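Down below is the structure, laid out as structure tokens.
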Amino acid sequence: MYFEKIPSDTLKTNDDFIKDIVNSKNIEDIKLSADKIKKDTNVENITYAMLSGSVLESKIPNIFTTYSEEWQNLYHKNNFIKDDPTVKAAFHRALPTGWNEIKCETSREKRIMSAFREYELGEAGLILPLRGLRGEFGILTITGPSKNLVDNRSQYARLFSQVGTCLHEWFAQQAGLRTVTEIPKLSLRETQCLALYAEGYMGQKVAEKLKISEAAVRLYLTSARHKLLSQTTCGAVATAIRLGFI
């Protein structure tokens with residue numbers, strides 16, 4: 001079943017998605033969380049990979065996917081990651097990128113994109129580049145019907161930026177890249193702004209809800225991002241949910 005927008009109740013339950021990820025003990029738990037997210041958001045596949053050198057050189061799992069075993073075997077056998085245009089796009093762009101925006105420059109890149117569709121991995125795809133607190137690079141890719149990922153891209157990008165940030169931190173912790181640090185303290189206004197943002201409200205609507213100016217909202221969100229060591233507001237929201245602030 002398709003929908004023209006992610007239902008509001010799904011937006012409100014993304015904290016449940018994040019809690020499931022945070023409470024995961026192993027990669028199998030992560031896969032179970034991914035299956036739940038797929039079902040609730042009408043996404044066909046979810047793939048995450050941490051591509052920072054220190055993690056790639058370790059024995060810690062750095063990737064999970066809901067793609068079929070057949071596709072995974074083909075991907076690894078042909079070393080597609082070396083020339084995968086979706087990975088290349090993530091490295092060169094800071095914002096979410098749709099498969100329909102990717103321009104293949106070589107015959108091998110065209111072959112890889114054709115294989116994506118031949119194996120029916122999803123009618124459309126959305127790639128989200130991720131940066132960890134210490135610059136660790138990762139990628140989250142979701143696939144599904146064009147009716148959802150293309151027509152409602154901004155909603156999916158916002159929701160999965162939060163999910164992706166949390167996944168990124170989970171894998172960083174598993175790789176020993178995080179140490180216990182003092183939990184930051186947010187002000188009441190910073191917490192309120194993040195909470196409203198998590199519910200889908202933007203600048204002007206947040207300002208109206210709190211009866212403050214848009215400039216003040218931007219200031220509080222900037223301060224919250226700084227305290228939570230996040231480059232994006234979506235990332236700050238994910239961290240705030242993980243720490244139990246909202």
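Every value quoted in this text rests on a predicted model; they were computed, and no experiment measured them. What you see below is based on every heavy atom in this structure, not just the backbone, and it leaves out hydrogens, waters and symmetry mates.
Judged by distance alone, the side chains of Arg189 and Gln192 do bring a donor and an acceptor atom under 3.5 Å apart. Under the 3.5 Å distance criterion, with hydrogens and angles disregarded, no donor-acceptor pair is assigned to the side chains of Tyr48 and Asn62. Between the side chains of Thr233 and Arg225, at least one donor N or O sits under 3.5 Å from an acceptor N or O.
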Verify side chain to side chain contact (heavy atoms under 4.5 Å, CB included) between Thr86 and Met113, making sure each step is shown before the conclusion. CA-CA 9 Å; Thr86 67; Met113 291 305 294; 3.9 Å; yes
Evaluation steps, side chain to side chain contact (heavy atoms under 4.5 Å, CB included), between Tyr220 and Leu194: CA-CA 9 Å; Tyr220 288 128; Leu194 287 176; over 6 Å; no
Next on the checklist: Let's go through Thr47 and Leu140 carefully: what are the C-alpha distance in whole Å and the side-chain angles of both, what is the deciding distance for side chain to side chain contact (heavy atoms under 4.5 Å, CB included) to 0.1 Å, and is it a yes or a no?
Outcome noted: CA-CA 6 Å; Thr47 298; Leu140 182 74; over 6 Å; no
_Run the side chain to side chain contact (heavy atoms under 4.5 Å, CB included) test on Val237 and Thr165 for me, step by step, so that the C-alpha distance in whole Å, both residues' side-chain angles and the decisive distance to 0.1 Å come before the verdict._
CA-CA 9 Å; Val237 167; Thr165 296; over 6 Å; no
Worked verdict on Phe91 versus Phe137 for ring-ring contact (aromatic ring centres under 6.0 Å, His included): CA-CA 9 Å; Phe91 270 108; Phe137 182 70; 4.4 Å; yes
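Listed for the Tyr75 side chain is no donor-acceptor partner under 3.5 Å among the backbone atoms of Glu70.
Looking at Leu167 and Ile30, their side chains come closer than 4.5 Å, going by heavy atoms from C-beta outward. Side-chain contact between Cys166 and Val22: present, with at least one pair of heavy atoms (C-beta onward) separated by less than 4.5 Å. Contact check for Phe160 versus Ile46: side-chain heavy atoms found under the 4.5 Å cut-off. Residues Trp170 and Ser24 have side chains in contact (heavy-atom distance under 4.5 Å, counting atoms from C-beta outward). With contacts defined as side-chain heavy-atom distances shorter than 4.5 Å, the pair Leu130/Phe171 does not qualify. No side-chain heavy atom of Leu74 sits less than 4.5 Å from a side-chain heavy atom of Lys77. Here the side chains of Phe17 and Gln162 are not in contact, with every heavy-atom distance at 4.5 Å or above. Between Glu123 and Arg117 the shortest side-chain heavy-atom distance does not fall below 4.5 Å.
In plain terms, the two heavy atoms of Ile127 and Pro129 that are nearest each other are O-CD, 3.7 Å. Here the closest heavy-atom approach between residue Lys185 and residue Glu190 is recorded as O-OE1, 4.4 Å. The minimum heavy-atom distance linking Leu126 with Leu149 is given by the pair N-CD1, 4.3 Å. Here the closest non-hydrogen pair linking Pro145 and Asn42 is CD-O, 3.8 Å. Here the shortest heavy-atom pairing between Leu121 and Glu44 reads O-OE1, 3.9 Å. Of all heavy-atom pairs between Phe80 and Ala115, the closest is CE1-CB, 4.5 Å.
Within a 6.0 Å sphere centred on NZ of Lys205, heavy atoms belonging to other residues, nucleotides or ligands number 12 at most. For CD of Glu120, the number of neighbouring non-hydrogen atoms (other residues, nucleotides, ligands) closer than 6.0 Å is 12 at most. Within 6.0 Å of atom NZ in Lys209, 12 or fewer heavy atoms from other residues, nucleotides or ligands are found, so the atom counts as exposed in its surroundings.
Here ring pair (Phe, Tyr, Trp, His ring centres under 6.0 Å) pairs that include residues 96-130, with residues two or more places apart or in two chains, are Trp71-Phe116, Trp71-Tyr119, Trp99-Phe116.
For the atom pair OG1 of Thr239 and CD1 of Ile246, the computed distance is 9.5 Å after rounding to the nearest 0.5 Å. Within the model, atoms CG of Leu159 and OG of Ser154 stand 11.5 Å from one another, a figure rounded to the nearest 0.5 Å. For the atom pair NZ (Lys88) and CZ (Arg93), the distance works out to 10.5 Å, reported to the nearest 0.5 Å.
Of the charged side-chain nitrogens involved, none lies within less than 4.0 Å of a carboxylate oxygen, so that Lys110 and Glu105 do not count as a salt-bridged pair.
Under the side chain to side chain contact (heavy atoms under 4.5 Å, CB included) criterion, Val150 pairs with Ala124, Ser146, sequence neighbours left out.
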